[in-house]
Amino acid sequence: MSNQETSKSVFLNVNGVSYPVTIDGGRNLLSVLRGEIGLTGTKEGCDDCECGACMVLVDGQPVNSCSYLAAQTQGREITTIEGVAPSPEEMDPLQTNILEAGGVQCGFCTPGMILSARALLERTPHPSEEEVRIGLSGNLCRCTGYARIVEAVQRTAAGAKTATGDTGQ
Amino acid sequence: MTTHLLVATTLDEALAAMANGARPIAGGTDLVVGARVGKAPLPTELVAIDRLDELDIVGMVPGGSDDPTPLLFVGAMVSHATIMNHPLLAASYSGLADASALVGSPSTRNVGTIGGNVMNASPAMDTGAPLLAMGAMAVLQSVSGSRTVPLAELWTGPGTTSAGPDELCVAILIPRRMGEEGSAYVRLEYRRAMEIAVVGAGAAVTLNDDGTVAKAAVALTAVGPTILALTGLEELLIGTPLDDLSLSAVAMLASEQASPISDLRASDKYRRHTVGVMAKRALEAAGRRAAGETIAIPVNRAEGIGAARNAAAQNGAAK
Ligand SMILES: Cc1cc2nc3c(=O)[nH]c(=O)nc-3n(C[C@H](O)[C@H](O)[C@H](O)COP(=O)(O)OP(=O)(O)OC[C@H]3O[C@@H](n4cnc5c(N)ncnc54)[C@H](O)[C@@H]3O)c2cc1C
């Protein structure tokens, strides 16, 4: 449990909702999102900035939440995978495309991939394949071989969705 | 272990916290990651400087009374992402943009800052060699005043600087690059992202009208306890064109002056050889830029250096 002397009550703004949390100054954002706020869509992989499973957006920019101090995000806008879909009934085109292109196997990297891709498309609405690969270069996937994930991002950029059942081959 | 974190909203507040023993944290990509992998525990007193907008500025400032040359001011909180995308930096301080563009991944570049890179003082830091080649200085400020230190005097060893624990780096200053100057940074890497330089080299060059060298500086990455400035370049280069002969001589000089270690990633012999190759490529790219050629940022990708070589060759073949 956090120590009385150093823990502080702060508000974190996650997916448009302000959450009060009492945390030590050294707590990383990932552990607060998962352990205090209960948003477990953000994954813990390597836990030291190498794999990208913990990627979230802070003010629209990608951040490895495992190695970012939660208290540094006060007053900033945090977006996690739970905040990507426009409504509970509807997926974001990135989500639809990554599913339909066959870019999800075990799914562990998917939340991080989607957030990195979202930041990329925000900056570069029509990225080349090379730009997509650079944009996702902080996200490891051990299942898919990346090709279908890259394709899903490019399809999203083109505004096209594949027909259900098309595996992208 | 608990940590008290103060999120500073003014520079004075940050300096006061540092005077009381707090360690500054910018992006935390060295500090927090270092703590997570067990290098050093997170300090018990931290002061976050990421809200200090006055440290997130790029601009020109007038020179001092001893040297009136205007200086480029890059605030300590300026991120690698800002540097690589900044039109002025990309055009006139290209070596720095080359370096920032190679750092980590988009998230590392978004969060990681120039101040953190310089003050972390890793001999493998990417911005160090181009900054040293360009004659950059760090502005250090504490509650008792401010001083400007050339980077050559700032770095004292791996992870150590001559800055006091109460001194905040507020900015990096770089003497203005005139039209005829070009700079570049290249590194040897085994993969294209999330990589640390195996070795690297930064170069800054001014050419005479006839294309011969008027001024040149080269600095080396990851071949000694700190970023290393090459000495004795003038005798080799001043008044000569940057051709195979002079570039090969610089490569030999770099290999001679390097004092690399062997580790998991490369042997000392391999580093000694390849740092010469990097020095040659950096100098060549800087010379071409000085002559007015546009080489895309970073040179590593544009020229297919290191892990990007095959990809660049393939792209070339596809065109
Ligand atoms: C996955 C990954 C990949 C990376 N790849 C590269 C790479 O390719 N090349 C490279 O060079 N680096 C790389 N790094 C290292 C790191 O990202 C950079 O050094 C970055 O610039 C550090 O900036 P920061 O703001 O995160 O520093 P922080 O971690 O916040 O601080 C680093 C150190 O500097 C001190 N400090 C910070 N700001 C100041 C200041 N203004 N004044 C005084 N002291 C200060 C801190 O107290 C700390 O000791 C990588 C890191 C990670 C996690």
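Just so it is clear, the values below take in all heavy atoms, side chains as well, and ignore hydrogens, waters and symmetry mates.
T80(A) and E82(A) form a side-chain donor-acceptor contact under 3.5 Å, judged by distance and modelled atom types alone. Using a 3.5 Å distance cut-off with no hydrogens or angles, the side chains of T144(A) and R148(A) do not pair a donor with an acceptor. With hydrogens and angles left out, the side-chain atoms of T96(A) and E100(A) include no donor and acceptor closer than 3.5 Å. D24(A) and S7(A) form no side-chain donor-acceptor contact under 3.5 Å, judged by distance and modelled atom types alone.
Within residues 19-26 of chain B, the residues that have a heavy atom under 4.5 Å from a heavy atom of chain A are I25(B), A26(B), listed by number. Contacts of residues 104-115 of chain B with chain A at a heavy-atom distance below 4.5 Å involve S105(B), P106(B), S107(B), R109(B), N110(B), V111(B), listed in sequence order.
A salt bridge links R289(B) with D98(B): the closest approach of a Lys/Arg side-chain nitrogen to an acidic carboxylate oxygen falls below 4.0 angstrom.
When G138(A), P62(A), G75(A) are compared by the number of non-hydrogen pairs under 4.5 Å with chain B, P62(A) comes out ahead. Here D47(A) is the residue among D47(A), I134(A), V63(A), N28(A) with the most heavy-atom pairs under 4.5 Å with chain B.
Of the two parts of N139(A), neither the backbone nor the side chain holds a non-hydrogen atom closer than 4.5 Å to a non-hydrogen atom of chain B. In this structure, the portion of R76(A) lying under 4.5 Å from any heavy atom of chain B is its side chain and not its backbone. Using a 4.5 Å cut-off between heavy atoms, L120(A) makes no contact with chain B at all.
The shortest non-hydrogen separation linking E195(B) to Y190(B) is OE2-N, 2.6 Å. In this structure, T127(B) and H80(B) approach most closely via the heavy-atom pair CG2-CE1, 3.7 Å.
Checking each of D126(B), T221(B), T274(B) against R187(B) for a side-chain hydrogen bond (donor to acceptor under 3.5 Å, both in side chains) leaves exactly one that passes, namely D126(B). Between M77(B) and the choices D53(B), I57(B), T82(B), L55(B), the side-chain contact (heavy atoms from CB on, under 4.5 Å) rule is met once, by L55(B).
For the atom pair CD of E36(A) and CG of L29(A), the computed distance is 11.5 Å after rounding to the nearest 0.5 Å.
Looking at R271(B), its side chain does come within 3.5 Å of a backbone N or O of A266(B) through a donor-acceptor pair.
You'll find the side chain of L57(A) stays beyond 4.5 Å of the side chain of I78(A), heavy atoms only.
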